[in-house]
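All values below come from the heavy atoms of this structure, side chains included, with hydrogens, waters and symmetry mates left out. Letters A, B, ... mirror the listed sequences (proteins, then strands); counts begin at 1.
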2 protein chains.
Amino acid sequence: MGRPPKFSREQLQAAALTLVDAHGLEALSMRSLANALGTGPMTLYNHVQDREDLDTLVADAVMAEARWSPTPHADWRDEVEDVAAAGWRAVRAHPRAIPLILTRRSRSTAGLEVAEALLAGLARSGRSGHALLVAFRAVTAFVSGMAQAELAGRLAVEAGESPEVVIDRFRSLPSDRYPRLIEIAGAAATSDPEVEFREGLRAVLAGLAAPRPPTPPQRAKKQGRDLTPSRRRS
Amino acid sequence: MGRPPKFSREQLQAAALTLVDAHGLEALSMRSLANALGTGPMTLYNHVQDREDLDTLVADAVMAEARWSPTPHADWRDEVEDVAAAGWRAVRAHPRAIPLILTRRSRSTAGLEVAEALLAGLARSGRSGHALLVAFRAVTAFVSGMAQAELAGRLAVEAGESPEVVIDRFRSLPSDRYPRLIEIAGAAATSDPEVEFREGLRAVLAGLAAPRPPTPPQRAKKQGRDLTPSRRRS
DNA sequence: ACCTGAACACCGTTCAAGT
DNA sequence: ACCTGAACACCGTTCAAGT
């Protein structure tokens, strides 16, 4: 009976994230992680339900790194910006894990923490209920969408191409079909992702701060989304 | 020499998407697709570079379904909203393919088409260069972020739980730690995703329409992101 | 309660051969 | 140019057994 676990959840997370950071997502498997920890694959099933669960563990490890100021700012928008930027920094620090985060963020406890902090800031705008939900979705959508954009660039670089080559290829798209795409590819060549994030987020927050036009009443309906609590192992 | 291809790109796309729609992402493999088409796995390598390439093919098939009005609206924001909503509808029509879209949208030709149409609308706001890039990122980030939210709900339902159960589980989170999360879980219970999308997008567009505060000049730097052209097979 | 090796039913992909 | 079967090096996971 009562035998102490051989590995802690934190050990698993750290080892898995290290593997992903160093060698990419494809390098993470039950077998490779077990190997990195010096055991057989089956041992992992004492700590993790699934391969899926392992992926969630990694996403959670990334989100757990997010740090923001605990003291509220004067302006609620600054507070939201602070938390959102923290989440985004955590994601950017682990580019190879981004697909996992895009796909499992809402199953991570650490993700819930970030969400609640974001909501605390947004609630200070005077919103509650449905309006708060919409604002929350807008901000989180923006953050994870920016992470998606980040991923796209890294994928190509990963595939062995320099950023310059990627942009050049865009520039060599048929210019009659994709004139604007080519234009922003040029802009992207000298752009700082941090600035893009900041400016974009401020635009979103400005939109949320502006008086909102009346909207038709809700039809009662439908399922909850982005609301899945993380399943805790045993 | 010159032998006509046994399958067209469209056939592959259709068969793969059907498989995913019907049985989920895990049901798509080189072998299962080959089987559905009545060949051996190796035949697929005449049409596709990779397993990765197959994923991109599916994402492309989904984005190719996006349809929007070809005639420009009076207000540029309505035009952007039209295109963005079209992209979102396409995504929602294939919920089980969402992880692929989140992860490979920027490698899809059909995705480029949507992007260019979005840019055409945004350019009418008077933006170009860096400002256009930022506006573009904000809108696409919002759309794919909303898709991410959509995914989260479907995952749980897929896992065999009714939407009500999912929301109930959220409501039963520790209420001292996650008060706001619980609040919006309640709001989400009666919320229509379509309304959320519309309201959120309008907030983003309102923010983009508002006069922008001055921003510090760009440091020259960095790589392009979200700009990877799709690799065409021979 | 937790650990673990063997075995099974899958994968993607290389190779070599065919037309 | 395109098709294809056999074979290889991987996967996640079930089972049964150990402490």
ask   = If we take the C1' atom in both C/dA6 and D/dC11, what is their distance in whole Å?
value = 16 Å

task = For C/dA7 and D/dC10, measure between their C1' atoms and round to the nearest Å.
result =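 Nearest-Å result for C/dA7 against D/dC10 at atom C1': 15 Å.
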
note = Here DNA chain D, pairs taken as Watson-Crick or G-U under 3.5 Å and shown with ( ), [ ] when crossing and | when to another strand, reads ||.|||||...|||||.||

inquiry  = Please list, in numerical order, the residues of residues 35-45 of chain A that have a heavy atom closer than 4.0 Å to any atom of DNA chain D.
reply    =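 Under 4.0 Å from DNA chain D: A/Met42, A/Tyr45.
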
Over how many whole Å does the gap from [X] atom [atom1] to [N] atom [atom2] extend?
X       : N      : atom1 : atom2 : value
B/Asn46 : C/dT19 : CG    : P     : 16 Å
B/Arg31 : C/dT13 : CZ    : C1'   : 9 Å
B/His47 : C/dG12 : NE2   : P     : 17 Å
B/Met30 : C/dT13 : CE    : C1'   : 9 Å
A/Asp53 : D/dT13 : CG    : C1'   : 14 Å
B/Asp50 : C/dG12 : CG    : P     : 11 Å
A/Glu26 : D/dC11 : CD    : P     : 11 Å
B/Asp55 : C/dG12 : CG    : C1'   : 12 Å

In chain order, what residues pass the side chain to side chain donor-acceptor pair (under 3.5 Å) check against [X], with sequence neighbours excluded?
X        : answer
A/Ser175 : none
B/Arg198 : B/Glu81, B/Glu194
B/Arg89  : none
B/Thr18  : none

request  = Using a strict cut-off of less than 4.0 Å between a Lys/Arg side-chain nitrogen and an Asp/Glu carboxylate oxygen, indicate whether A/Arg104 and A/Asp53 qualify as a salt bridge.
outcome  =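 No, no charged N to carboxylate O under 4.0 Å.
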
query = Does the pair B/Glu199/A/Arg137 count as a salt bridge with the N-to-O cut at 4.0 Å?
reply =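 Salt bridge absent between B/Glu199 and A/Arg137.
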
query = Closer to the 5' end of DNA chain D via nearest nucleotide, is it A/Leu28 or B/Phe7?
reply = B/Phe7

Can you give me every donor-acceptor pair (side chain of residues 35-44 of chain A, partner residue at least two apart or in another chain, under 3.5 Å) with its distance?
from    : atom 1 : to      : atom 2 : distance (Å)
A/Thr43 : OG1    : A/Gly40 : O      : 3.4

inquiry  = The side chain of B/Ser29 is closest to which nucleotide in this list: D/dC2, C/dC11, C/dC2?
reply    = C/dC11

message = The criterion is side chain to side chain contact (heavy atoms under 4.5 Å, CB included); which residues satisfy it with A/Pro174, sequence neighbours excluded?
response = A/Asp176, A/Arg177, A/Tyr178

message = Test of understanding: with ring pair (Phe, Tyr, Trp, His ring centres under 6.0 Å), list the residues that count as partners of B/Phe197, not counting sequence neighbours.
response = B/Trp88, B/Phe142

task = Report yes if at least one side-chain N or O of A/Lys6 is closer than 4.0 Å to OP1 or OP2 of C/dA1; otherwise report no.
result = no

